Amino acid sequence: MNSSYIEFLDDNPKIKIGYGTKLNSASITVRKGGELEIGDLCELRGRIIIEPNCKLFIGNGLICNDMIFIHVAENGAIHIGDDCLFANCRIYNSDMHGVYDMQTRKRINPSKDVIIEDKVWLARDTIVLKGAKINKGCVVGARTVVNRSFSDFSMIAGSPAKTIKTGIMWTRNTYETPPELIHPDFPLSKFCSLAMQFKHDDVISIGILLWSKRKEITGSDYYIIYYLARAILLKYFKQQNVNVVKIGDIDITLNEIYDTLYDCFEKSKRKNWPCGCYARLAAKCAGNTEQADHLYNTIKPFFPSIDGPLFN
């Protein structure tokens, strides 16, 4: 938490903040009866206000590149999915003031919940209003005003918003073509969080279908296969005399684990030292003393932790 605060009025507030989440210049107010849940590996900046008996849910991996503003009111809710990217957007589920029919004296602008699904990119100065539902994979252009529902994998722009193009996908970095491993439906932040917490069973369960693509990795997505190969190594191969395991219908050998970890180390341009350490551990488990010694001599001057228990 950096230059941030969370204020609340309940003695036992319903506030949950996930693993590895960072608050940078974030000011959060949770009023009586309000609920706040933030997933893993988020980076939040800006102002959040949760009025009494309201709820804000933020999934895993939300990255805020600028100061956001979220205000939940009138016993309502705002839901934000996994792997989203926000610039300095503003999100409301209420107009915050009442509008009434003069004859019936009935209110005509009730609040409506807001839903932003997984992997949505809100660009600069986007405004998301009550009743908006932005489905997964959408890109919302700068200064767009959204107040209704839009279909999956759409590019949205304008005031009011309209669909510019469908069948799109986006990445946080720019490439000539999108990385093969980062499929739009892959739960990237959840996977990385589980890997960072060494929850091997969950990592393997989510990532095992990518094993057949391990030779297609690039410098931008190698870490996914690194986390998968590390989980398999530590779960199955640290035991003596184990040279092959079967995971589902897939046979995986210890030599394949070594080759994969070594390839990931190379794809990192030999900068991911822990990856190199696990490649060395796989070589030792496989009885490949010569390659294990070579990796040790390469890594040791730059990463003394190779001698620690984690890599042995």
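What you see is a predicted model; the values in this text were computed from it and never measured. For this chain, numbers begin at 1 and follow the sequence in order.
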Next item on the list: Output the distance between atom OG1 (T21) and atom CG (D40), rounded to the nearest 0.5 Å.
Entry: 6.0 Å
Notebook entry, point to check: Will you find, in the side chains of S189 and N60, an N or O donor that is under 3.5 Å from an N or O acceptor?
Noted result: no
Check: What's the shortest heavy-atom distance between A229 and L261, and which atoms?
Finding: CB-CD2, 3.8 Å
Item checked: pair I15-I6: side-chain heavy atoms closer than 4.5 Å -> yes
Item checked: Sub-4.5 Å side-chain heavy-atom contact between Y5 and I28 -> no
Margin query: Taking side chain to side chain contact (heavy atoms under 4.5 Å, CB included) as the criterion, tell me which of T163, T166, N135 meets it with F150.
Written below: T163
Margin query: With a 4.5 Å cut-off on side-chain heavy atoms, are Y262 and C275 touching?
Written below: no
Next item on the list: Answer yes or no: are there more than 12 heavy-atom neighbours, outside W273 itself, under 6.0 Å from its atom CH2?
Entry: yes
Item checked: D101 and K106 ion-paired at < 4.0 Å -> no
Next item on the list: Report yes or no: does D118 contribute a side-chain atom to a donor-acceptor pair with the main-chain N or O of D82 at less than 3.5 Å?
Entry: yes
Checklist line | Which atom of V120 lies closest to which atom of F86, heavy atoms considered | finding: O-CE2, 4.0 Å
Check: What pair of heavy atoms forms the shortest contact from G276 to I299, and how long is it?
Finding: C-CD1, 3.3 Å
Next item on the list: Evaluate the side chain to side chain contact (heavy atoms under 4.5 Å, CB included) criterion for residues L233 and L254: first the C-alpha distance (whole Å), next the side-chain angles of each, then the deciding distance (0.1 Å), finally the verdict.
Entry: CA-CA 8 Å; L233 171 68; L254 180 53; 4.2 Å; yes
Check: Where do A161 and R148 come nearest, in terms of heavy atoms and distance?
Finding: O-NH2, 3.6 Å
Checklist line | I224 and its side chain to side chain contact (heavy atoms under 4.5 Å, CB included) partner, picked from L210, V203, I217 | finding: L210
Next item on the list: Determine the interplanar angle of the H79 and F57 rings, folded into 0 to 90°, and report it as parallel if under 30°, tilted if 30 to 60°, perpendicular if over 60°.
Entry: parallel
Margin query: Under a 3.5 Å distance rule, please check whether K119 uses its side chain to pair with a backbone N or O of T171 as donor and acceptor.
Written below: no
Next item on the list: Look only at the side chain of T298 and the backbone of H294, and say whether a donor-acceptor pair between them is shorter than 3.5 Å.
Entry: yes
Checklist line | Side chains of R280 and N288, donor plus acceptor under 3.5 Å | finding: no
Check: Would you call the rings of Y278 and F311 parallel, tilted or perpendicular, where under 30° means parallel and over 60° means perpendicular?
Finding: perpendicular
Check: Just checking, any donor-acceptor pair under 3.5 angstrom between side chains of D263 and T260?
Finding: no
Check: Between atom NZ of K267 and atom CD1 of I225, what is the distance when rounded to the nearest 0.5 Å?
Finding: 11.5 Å
Check: Rounded to the nearest 0.5 Å, how far does CD1 of I50 lie from CG of L56?
Finding: 4.5 Å
Next item on the list: Over all heavy atoms of both residues, which pair between F237 and C285 is shortest? Give the atoms and the distance, please.
Entry: O-SG, 3.7 Å
Notebook entry, point to check: Is any side-chain heavy atom of N243 less than 4.5 Å from a side-chain heavy atom of T253?
Noted result: no
Checklist line | R45 and S4: CA distance, side-chain angles, deciding distance, side-chain hydrogen bond (donor to acceptor under 3.5 Å, both in side chains) verdict | finding: CA-CA 9 Å; R45 296 172 174 83; S4 302; over 6 Å; no
Item checked: Expected output: side-chain N88 to main-chain D125 donor-acceptor under 3.5 Å -> yes
Notebook entry, point to check: Are the charged groups of K16 and E35 less than 4.0 angstrom apart, N to O?
Noted result: no
Check: Are any side-chain N or O atoms of K22 and backbone N or O atoms of C42, one a donor and one an acceptor, separated by less than 3.5 Å?
Finding: no
Notebook entry, point to check: Between the side chain of S94 and the main-chain N/O of M96, is any donor-acceptor distance below 3.5 Å?
Noted result: yes
Next item on the list: Go through the steps to decide whether L41 and Y19 satisfy the test side chain to side chain contact (heavy atoms under 4.5 Å, CB included), and finish with yes or no.
Entry: CA-CA 6 Å; L41 302 183; Y19 171 85; 4.3 Å; yes
Next item on the list: Check whether more than 12 heavy atoms from other residues, nucleotides or ligands sit under 6.0 Å from atom CD of E7, and answer yes or no.
Entry: yes
Notebook entry, point to check: So how far is it from R230 CZ to L281 CG, rounded to the nearest 0.5 Å?
Noted result: 11.5 Å
Next item on the list: Evaluate whether atom NZ of K238 has more than 12 neighbouring non-hydrogen atoms of other residues, nucleotides or ligands under 6.0 angstrom away.
Entry: yes
Margin query: Between N93 and S111, is there a side-chain donor-acceptor contact under 3.5 Å, judged purely by atom types and distance?
Written below: no
Margin query: Is it the case that the side chain of E117 and the backbone of K136 share a donor-acceptor pair, with hydrogens and angles ignored and the cut-off at 3.5 Å?
Written below: yes
Margin query: Would R90 and Y92 count as a cation-pi pair here, with the cationic atom under 6.0 angstrom from the ring centre and within 45° of the axis?
Written below: no
Notebook entry, point to check: Could R214 and E256 be called an ion pair, given the rule that one side-chain N must be under 4.0 Å from one carboxylate O?
Noted result: yes
Margin query: Before you tell me yes or no, could you show the steps for V139 and I156 under side chain to side chain contact (heavy atoms under 4.5 Å, CB included), namely the whole-Å CA-CA distance, both residues' side-chain angles and the distance that decides it to 0.1 Å?
Written below: CA-CA 6 Å; V139 174; I156 304 162; over 6 Å; no
Margin query: Atom CZ of residue position F186 - does it have more than 12 heavy atoms of other residues, nucleotides or ligands inside 6.0 Å?
Written below: yes
Notebook entry, point to check: Which residue, I70, I38, I115, forms the side chain to side chain contact (heavy atoms under 4.5 Å, CB included) with I80?
Noted result: I70
Margin query: Quick test of your reading of the model: are K32 and D10 salt-bridged, counting only N-O distances below 4.0 Å?
Written below: yes
Next item on the list: Of all the heavy-atom pairs spanning S27 and R47, show the shortest one and how long it is.
Entry: O-NH1, 3.1 Å
Margin query: Does K190, at its NZ atom, have more than 12 non-hydrogen atoms belonging to other residues, nucleotides or ligands within less than 6.0 Å?
Written below: no
Notebook entry, point to check: Quick one: are L122 and I134 in side-chain contact, heavy atoms under 4.5 Å?
Noted result: yes
Notebook entry, point to check: Should R105 and Y100 count as side-chain neighbours, where that means a heavy-atom distance under 4.5 Å?
Noted result: no
Margin query: Looking at N109 and H97, would you say the former's side chain and the latter's main chain have a donor-acceptor pair under 3.5 Å?
Written below: yes
Notebook entry, point to check: Does any non-hydrogen side-chain atom of W121 lie less than 4.5 Å from one of C138?
Noted result: no
Check: How long is the gap from CD1 on I49 to CZ on R31, to the nearest 0.5 Å?
Finding: 6.5 Å
Note to self: Is there a side-chain contact between V146 and L129 in this structure, where contact means two heavy atoms from C-beta onward sitting under 4.5 Å apart?
What the structure shows: no
Margin query: Any salt bridge linking K235 with D201? Criterion: basic side-chain nitrogen under 4.0 Å from a carboxylate oxygen.
Written below: yes
Next item on the list: In sequence, state the C-alpha distance, the side-chain angles, and the governing distance for F69 and I91, and then conclude on side chain to side chain contact (heavy atoms under 4.5 Å, CB included).
Entry: CA-CA 6 Å; F69 184 89; I91 305 172; over 6 Å; no
Note to self: Nearest 0.5 angstrom please: C264 SG to Y227 OH, how far?
What the structure shows: 11.0 Å
Checklist line | Ionic contact status for E74 with R107, cut-off 4.0 Å | finding: yes
Note to self: For a quick check under 3.5 Å, do Q291 and Y258 share a side-chain donor-acceptor pair by atom type?
What the structure shows: yes
Notebook entry, point to check: Counting distance only, does the side-chain N/O of N297 pair as donor-acceptor with the main-chain N or O of D293 below 3.5 Å?
Noted result: yes
Note to self: Checking the side chain of S305 only, and the main-chain atoms of G308 only, is there a donor and an acceptor separated by less than 3.5 Å?
What the structure shows: no
Next item on the list: Output yes when D307 and K300 qualify as a salt bridge under the 4.0 Å nitrogen-oxygen rule, no when they do not.
Entry: yes
